[in-house]
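Worksheet: the structure to be examined is printed underneath.
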Amino acid sequence: MRRKLAAGNWKMNGTQARLDVLDALNAAHVSTPCDIVICPPAHLLIPAAKACATGAVEIGAQDTHTAAKGAFTGDISAEMIADSGASHVIVGHSERREGYGETDATVCAKAIAAHAVRLTAIVCIGESLAEREAGSALDVIAAQLQGSVPEGSTGDNVVVAYEPIWAIGTGKIPTMAQIGEVHAQLRQDLIARFGPEIGGAIRLLYGGSVKPGNASEIFAVPDVDGALVGGASLAAADFTPIITALADS
Ligand code: PGA
């Protein structure tokens, strides 16, 4: 059985005042039977990890450089992320792929950098609207999975998040049949590549406009092991019902 995972991506939102959300989540989910990860902006990694030292919430970063250290102004390494007390890092979010020209090879190198310091990589993949409309979504996703998820991946060190780009921050979501079709293919491809044990253990998240009102139907789709949530993870009043829906699914 794969343990369910609710991950929140705060993106470039939040000052120290927002750490209250973590206190509320830790208080609400003392015994909720699923994993909870919040990925705040980099300047909050250390206080967030401290705030969650004894709580259910784990902390992740939103990106990492591929190198361990060096002359990369403005970047943060996986070692620094681990040093902050975080346990996860998102790699290959579409906002990084599109805005910073990250390729599958870059994303794969970032996941490898994460693994080197025992961080779990949340590897994001997903098609554009044009690709979906052209009927190539499944091919695009298969290629991204193959190119972005490194050798040596396991159920402990990798989570795959399917995030159709056109669903992120738009309020639009695919049909449940479309989500199911993608997740079934992802599971099949992971098993073909890593074998039934590892391929069957890697968790698959859906991301893109997950809200309290649609969470239950998304979590009922086979092979959806949780969600990567943007906007609705910024307030405990929104994220808590999503986590509860996941635990109940
Ligand atoms: P959203 O973002 O939930 O605000 O659509 C999802 C994401 O980008 O991970």
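The shown structure was predicted, so the numbers you read here are calculated from the model rather than taken from an experiment. Counting begins at 1 with the first residue of the sequence. Just so you know, ligand 1 is whichever comes first in the structure, and atom 1 is the first atom listed for that ligand.
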*Between Gly207 and ligand 1, does any nitrogen or oxygen pair lie at a separation below 3.5 Å?*
no
*Does Lys11 reach ligand 1 with a nitrogen or oxygen that is under 3.5 Å from one of the ligand's nitrogen or oxygen atoms?*
yes
*Is there side-chain contact between Gln16 and Leu44, with at least one heavy-atom pair below 4.5 Å?*
yes
Could you tell me, atom by atom, which parts of ligand 1 come under 4.0 Å of a heavy atom of [X]?
X: Gly231; value: 1 (P), 3 (O), 4 (O)
X: Gly230; value: 1 (P), 2 (O), 3 (O), 4 (O), 6 (C)
X: His93; value: 7 (C), 8 (O), 9 (O)
X: Ser209; value: 1 (P), 3 (O), 5 (O)

*Consider only side-chain N and O atoms of Lys172 and Ser209, and report whether a donor and an acceptor are under 3.5 Å apart.*
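There is no such pair (donor and acceptor under 3.5 Å, judged by atom type) between the side chains of Lys172 and Ser209.
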*Side chains of Ser148 and Arg97: is there a donor and an acceptor less than 3.5 Å apart?*
yes
*Before accepting this row, confirm whether a basic side-chain N of the pair Lys11/Glu95 lies closer than 4.0 Å to the acidic partner's carboxylate O.*
yes
*Can Lys110 and Asp63 be counted as an ion pair, charged N to O under 4.0 angstrom?*
yes
*Is the backbone of Asp223 close enough, under 3.5 Å, to the side chain of His183 for a donor and an acceptor to pair up by distance?*
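The answer is yes, because a donor-acceptor pair under 3.5 Å joins these two groups.
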*How close does the nearest protein non-hydrogen atom get to atom 7 (C) of ligand 1, and which residue and atom is it?*
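Looking at atom 7 (C) of ligand 1, the protein heavy atom closest to it is Glu163 OE2, 3.2 Å.
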